[in-house]
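All remarks here apply to the structure that follows.
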Amino acid sequence: MNTEEIMKRDAENVMGTYARYDLCLEKGNGATCYSPEGKKYIDFSSGIGVNSLGFCDKGWVEAITKQANMIQHISNLFYTYPCSKLAEMVLKRTSMQKMFFANSGAEANEGAIKTARKYSFQKYGENRYEIITLVNSFHGRTMATITATGQEDYHKYFAPFVKGFSYAKANDIDDVKSKINEKTCAIMLELVQGEGGVVPLEKDFVSNISKICKEKDIIFIVDEVQTGIGRTGTLFAYEQFSIEPDLVTLAKGLGAGLPIGGILFGKKTCDVLKPGDHGTTFGGNPITCAGGIEVLKRIDDAFLKEVSEKGAYIKDAVEKMDNVVSVTGMGMMLGIEVKNKTAKDVVKTCIENGLIPLTAKEKIRLLPPLTITYEELDEGLEILKKALSN
Ligand SMILES: *Cc1c(COP(=O)(O)O)cnc(C)c1O
């Protein structure tokens with residue numbers, strides 16, 4: 001089947017909840033992929049920050065294939081090796097104490113919200129349940145997480161929304177303070193707002209929030225669904241902010257292409273959830289966890305150093321291109337503000353010429369596979385340069 005036939009069948013059968021580009025991909029290797037017609041593309045998207053090891057990485061394919069040939073699923077009523085091993089590997093590299101496995105970022109955030117509320121309920125009773133999130137944030141598509149998402153666009157059609165959320169301005173500590181009251185049980189934020197336009201938070205702002213949370217026994221939730229697993233040059237972005245969150249959520253890059261999410265619990269929250277409080281059928285699936293183990297094995301200190309170097313290399317190259325106003329972000333999570341052109345039009349031109357970038361709000365967003373080679377980077381940057389040129 002060719003691209004046109006696949007697009008037609010998709011339009012006839014798949015619910016139209018996505019504004020897709022006219023592009024169908026059939027296979028890939030590293031950061032290079034091909035349409036059914038054999039046209040080549042350099043990938044600067046990682047499937048929205050998911051394919052941390054690129055397409056069909058050899059070690060990852062071997063790990064999941066081996067596991068698929070052993071046992072693919074048995075439910076959380078029983079134990080399997082990959083789930084226990086992956087949790088141990090993640091926790092060893094953080095100051096966190098326990099891990100829960102979910103299947104997506106939104107689901108991880110749901111679990112974190114539940115944990116914060118139970119912690120507060122047990123200690124302070126039923127009227128301390130409010131969660132402060134940031135304006136322009138993104139936390140997912142379930143009822144609680146669209147409510148947590150601080151963007152008006154998400155708060156229509158589906159009312160009533162979940163009670164107990166309020167929104168403070170990013171990088172405005174006085175606004176956060178003004179939203180805190182005796183009902184506040186948690187503050188939840190992304191350290192670099194991804195969907196909101198690759199907006200990094202200021203270090204002072206974040207450490208002030210961390211301090212306030214400690215003082216007032218407010219649970220500090222860091223949503224690392226997009227920033228986690230090496231994307232910003234450290235395993236988790238929070239390591240660069242010298243903070244110790246009470247809950248960290250992750251997803252996208254952890255599975256390298258298979259659906260997985262996770263919650264990490266700090267000292268304060270590691271005893272909150274008991275049998276029956278929370279669960280999910282597919283959580284801790286042996287195949288997805290086997291993929292995650294390979295990801296964690298590969299992302300060592302040398303790998304992380306390379307992520308930072310490649311990120312700086314991209315930033316430096318992009319800053320020199322025509323019509324670029326600014327480049328924001330951390331590591332290999334970058335947002336480009338442009339003038340005289342719209343991000344959408346630039347992305348369309350890039351796709352026509354064999355490069356797959358993303359947008360985030362009014363910016364072009366780059367999330368290349370962490371394993372991308374400098375040759376692939378140069379090839380992609382050349383296409384981006386042409387699309388941006390006067
Ligand atoms: C993508 C994303 C989510 C939602 O993840 P899903 O897997 O789509 O549910 C939540 N938070 C952040 C910061 C994200 O980037």
Side-chain angles (χ1 to χ4, degrees), residues 15 17-20 45-52 100-116 131-151 153-155 158 162 165 167 170 186-201 206 220-232 235-238 241 245 247-264 280 282-285 288 291-292 295 328-335 358-361 363 365-368 370:
M15 182 56 69
T17 54
Y18 301 100
R20 295 199 215 273
S45 77
S46 304
I48 319 187
V50 167
N51 299 335
S52 39
F100 174 86
F101 286 106
N103 308 289
S104 69
E107 203 193 345
N109 285 333
E110 283 277 340
I113 290 165
K114 283 174 71 178
T115 305
I131 294 164
I132 300 170
T133 65
L134 298 183
V135 174
N136 197 44
S137 57
F138 182 80
H139 296 296
R141 300 285 194 160
T142 61
M143 283 308 294
T145 58
I146 48 170
T147 312
T149 293
Q151 301 188 44
D153 275 1
Y154 291 82
H155 299 164
F158 311 119
V162 177
F165 286 87
Y167 315 96
I187 298 177
M188 172 154 112
L189 49 77
E190 303 150 86
L191 295 167
V192 183
Q193 295 187 324
E195 303 303 311
V198 198
V199 184
L201 296 189
V206 175
F220 187 16
I221 309 172
V222 176
D223 177 346
E224 293 244 25
V225 168
Q226 195 159 149
T227 53
I229 310 298
R231 179 54 59 186
T232 67
L235 190 60
F236 291 99
Y238 81 78
F241 288 78
L247 294 166
V248 175
T249 56
L250 57 155
K252 294 189 166 101
L254 176 61
L258 288 175
I260 188 169
I263 310 168
L264 307 182
T280 184
F282 290 116
N285 172 276
T288 55
V295 172
T328 56
M330 285 167 71
M332 289 172 78
M333 177 176 182
L334 296 169
L358 295 163
T359 60
K361 287 278 176 74
K363 288 186 189 169
R365 175 174 38 157
L366 308 182
L367 296 170
L370 306 178

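For ligands, and for the atoms within them, numbers begin at 1 and follow the listed sequence.
Nearest non-hydrogen protein atom to atom 5 (O) of ligand 1 is G105 CA, 3.3 Å.
Of all atoms in ligand 1, listed by their number and element, those nearer than 4.0 Å to a heavy atom of S104 are 7 (O), 9 (O). Within ligand 1, counting atoms from 1 as listed, the ones closer than 4.0 Å to a heavy atom of A106 are 4 (C), 5 (O), 6 (P), 9 (O). The distance from ligand 1 to the heavy atoms of N109 drops below 4.0 Å at these ligand atoms: 10 (C), 11 (N). Distances below 4.0 Å separate heavy atoms of E190 from the following atoms of ligand 1: 13 (C).
Looking at Q151 and K361, their side chains do bring a donor and an acceptor atom within 3.5 Å of each other. A donor-acceptor contact under 3.5 angstrom links the side chains of E110 and T142, judged on distance only.
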Handout entry: T145 vs N109, side-chain hydrogen bond (donor to acceptor under 3.5 Å, both in side chains): CA-CA, chis, key distance, verdict
Key = CA-CA 7 Å; T145 58; N109 285 333; over 6 Å; no
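For I48, no heavy-atom contact with ligand 1 is shorter than 4.0 Å. Contacts between K252 and ligand 1 below 4.0 angstrom, taking non-hydrogen atoms only, involve the side chain exclusively. Under 4.0 angstrom from ligand 1, the non-hydrogen atoms of H139 all belong to its backbone.
Taking a 6.0 Å sphere around CZ of F282, one finds it holds 12 or fewer heavy atoms contributed by other residues, nucleotides or ligands.
S46 contributes a side-chain N or O that, together with a main-chain N or O of L367, makes up a donor-acceptor pair within less than 3.5 Å. A donor-acceptor contact shorter than 3.5 Å is absent between the side chain of K252 and the backbone of V225.
Contact check on E195 versus R365 returns a salt bridge, with a Lys/Arg side-chain nitrogen under 4.0 Å from an Asp/Glu carboxylate oxygen.
Atom 11 (N) of ligand 1 has its nearest heavy-atom neighbour, among T249, D223, N103, in D223.
When distances from atom 8 (O) of ligand 1 to the protein are checked, no heavy atom turns up under 4.0 Å.
The shortest side-chain heavy-atom distance between L189 and F220 falls under the 4.5 Å cut-off.
Ligand 1 has an N or O atom lying under 3.5 Å from an N or O atom of Q226, backbone or side chain.
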